Each structure stands twice: as C-alpha cells, then as structure tokens.
Protein chains: 2
Amino acid sequence: MAKHPSFDCVAGCPVEATLELIGGKWKGLLLYHLLDGTQRFNALKRMLPNITQRMLTNQLRELEAAGLVHRQVYAEVPPRVEYSLTEQGRSLAPVLHALRDWGEAYIKALASRDVS
Amino acid sequence: MAKHPSFDCVAGCPVEATLELIGGKWKGLLLYHLLDGTQRFNALKRMLPNITQRMLTNQLRELEAAGLVHRQVYAEVPPRVEYSLTEQGRSLAPVLHALRDWGEAYIKALASRDVS
DNA sequence: CAGAATCCTTTACGATACTG
DNA sequence: CAGTATCGTAAAGGATTCTG
C-alpha cells in the first residue's frame, strides 16, 4: 500500500482512503481489539487465532506507519512490546462500531433468511 | 469470497463480516455512489474512471449476490441495465458515511502534517 | 450498451524454520 | 517474547478482444 496513492474518484475518495487503511484481512480486526486498550504482541495473536506471526507483525507495522497504532518497546528480557491506538487510531472508534453494528444486523438477517 | 466463511475471532467477527462485503478495491466506492440513487452500468463506469469493465461487472455481481444491490434489466435495444441499492444496501448508509467522514478528516490531517 | 471470454501480472496471504 | 527470513500458493485485479 502506497503512502497516498491517487484515488480513483472525486466524490468517494475519502471512502476509498479509509478502506485502504483498515481493509485487508486483519487490520480492521486489530484496530477493533485495540479499542479495548493496550495489548501485547502475543495477546493480539491469541485474539486472532488464525493469524500468522508474519502477518501480525506486518499489519501492525503498516498500521504504525499510517499513524494509527503506537508501538512501545521495553528493553527487557524477555522482550515486551505493547501496542496501542494513537489519538488518530482512537478516532476510528465510530467507524469500527458502525462496521460491527451493521455486521451484526447482517448476520442476523442471514440467519433468519436461512430458516425461511 | 465465500458465502459465510467461518470468521476468525469471536468478538470482532461482525467487523470482519462487514469488511469482507464492502472491502476490496471497488465495492465501498460503488455502494457509496449508489447512495445517490439508481445508476446505469456506464454511469457507474464514468464515476470510477479506472475500473475495467470486467471488474465493474464482477463487483456488481458480488454485491448483488450479497443482497446489497438490485440489478434491473430492461429488454430493450440498446440494452439498459440499472443498478440500485436494496433495502439492506441502503442500511449501509451510516457505515459509508462514517468511512467518508473519517477519511476526510484523515486526509486533512495528512495535509497539515505535510506542510509542517 | 452492457457485458463475456481469455490471458496475464501483481499482491496478499500462509507455512515453516530460525533467532536475539 | 516478539519477532525475521524464505518460500510458496491463491486470490485479486488488469489488459485486451469479442459480441448480442
């Protein structure tokens, strides 16, 4: 993902921009879990049972580069690294909640459709 | 994209589900433009100058399969096909607006960062 | 006009092994 | 504990040509 690519439409590019930042298979989920507060690397890994270490590192670094996540390294042994949302990351809360709420309703609608 | 894949986390899977439906390079944008009302195939194509016909057809079909978009074919010549949001598609409005609003703020924050 | 068909490239993502 | 380093696959996306 480039820094700020030239977006493809005039009216909707903010939509596009946001989706580029929180899209992909894991980022939205990571941000959502970080809404609950600071988390360590392995704690996040436990929350996303199917993510690989490679992807977790990867996605966290991209979120950090985007200014949404802060990475705090403690020079201890064994190492400890804590991830938290930046101010800008926290400002995503309404977006993430909207995604969650709509998803819940959609899943329920699917379920009641399946029984019909 | 499968119908309803088994999601990867308990707490966040509604977030995951929504992102799977509106994610990708074009879907969010298409839905956003359809908020303005019914659009024809080529009208949508003009709104997304860089999309290929293949992708446009593709994404519209997936949105239709998800129950978010309605496809109305008129048996005329030249052919006319109109796309509109279903009730469920319209219910995405708050989500799409949240994405847009946050994106606008983020882009502004980037800009004021660049001049500093 | 609104696509279908074909082919191709790129990127995302995953599995596994190793390390300070 | 929190990563790197390689390697490999699959899916997403794109270019081009053709058609009712």
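What you see is a predicted model; the values in this text were computed from it and never measured. Chain naming here is simple, since letters A, B, ... match the order of the sequence lines and numbering starts at 1 in each.
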### Query
C/dG3, C/dG14, D/dA2: which one has an atom nearest the side-chain heavy atoms of A/Val81?
D/dA2
### Task
Please assess A/Leu92 against A/Leu21 for the test side-chain contact (heavy atoms from CB on, under 4.5 Å), listing each intermediate value before the final yes or no.
CA-CA 11 Å; A/Leu92 272 168; A/Leu21 288 176; over 6 Å; no
### Query
Atom CD of A/Glu76 to atom P of D/dC1: distance rounded to whole Å?
13 Å
### Task
Take atom CZ of B/Arg40 and atom P of C/dG3, then tell me their distance rounded to the nearest Å.
10 Å
### Message
Output the rounded distance in Å from CE (A/Met55) to C1' (D/dA2).
### Response
17 Å
### Task
For side-chain contact (heavy atoms from CB on, under 4.5 Å), just list the numbers for B/Leu34 and B/Leu63, CA-CA rounded to whole Å, side-chain angles, deciding distance to a tenth of an Å, and then say yes or no.
CA-CA 12 Å; B/Leu34 285 171; B/Leu63 290 172; 5.6 Å; no
### Query
Atom CG of A/Leu19 and atom P of D/dG13: how far apart are they, to the nearest Å?
12 Å
### Task
Measure the acute angle between the ring planes of A/Phe41 and A/Tyr83, then classify it against the limits of 30° and 60° as parallel, tilted or perpendicular.
tilted
### Summary
Paired with B/Arg100, the side chain to side chain contact (heavy atoms under 4.5 Å, CB included) test is passed by just one of A/Val15, A/Thr18, A/Val95, namely A/Val15
### Message
With a 3.5 Å distance limit and no angle check, can you tell me whether B/Thr86 reaches the backbone of B/His70 through a side-chain donor-acceptor pair?
### Response
no
### Task
Ignoring backbone atoms, establish whether B/Lys25 has a side-chain N or O less than 4.0 Å from OP1 or OP2 of C/dT11.
no
### From C/dG14, D/dG13, D/dC1, nucleotide with atom closest to B/Gln59 side chain
D/dG13
### Query
CD1 of B/Ile22 versus P of D/dA12: gap in Å, rounded?
16 Å
### Task
Between protein and nucleotides 4-9 of chain D, map the contacts as a letter string: B base, S sugar-phosphate only, - none, heavy atoms under 4.0 Å, written 5' to 3'.
B-B---
### Task
May I ask you to check whether A/Gln88 and B/Tyr106 show a side-chain donor-acceptor distance below 3.5 Å?
no
#### Entry: Atom-pair distance (CG on B/Asn58; P on C/dA2), nearest Å
17 Å
### Length of the OH-P vector between A/Tyr74 and D/dA2, whole Å
12 Å
### Task
Using a cut-off of strictly less than 4.0 Å, decide whether A/Tyr83 has a side-chain nitrogen or oxygen near OP1 or OP2 of D/dG3.
yes
### Query
More 5' along DNA chain D: A/Arg80 or B/Gly24, using each one's nearest nucleotide?
A/Arg80
### Query
To the nearest angstrom, how far is A/Leu60 atom CG from D/dA2 atom P?
11 Å
### Task
Evaluate the side-chain contact (heavy atoms from CB on, under 4.5 Å) criterion for residues B/Lys27 and B/Leu68: first the C-alpha distance (whole Å), next the side-chain angles of each, then the deciding distance (0.1 Å), finally the verdict.
CA-CA 10 Å; B/Lys27 284 183 194 152; B/Leu68 302 178; over 6 Å; no
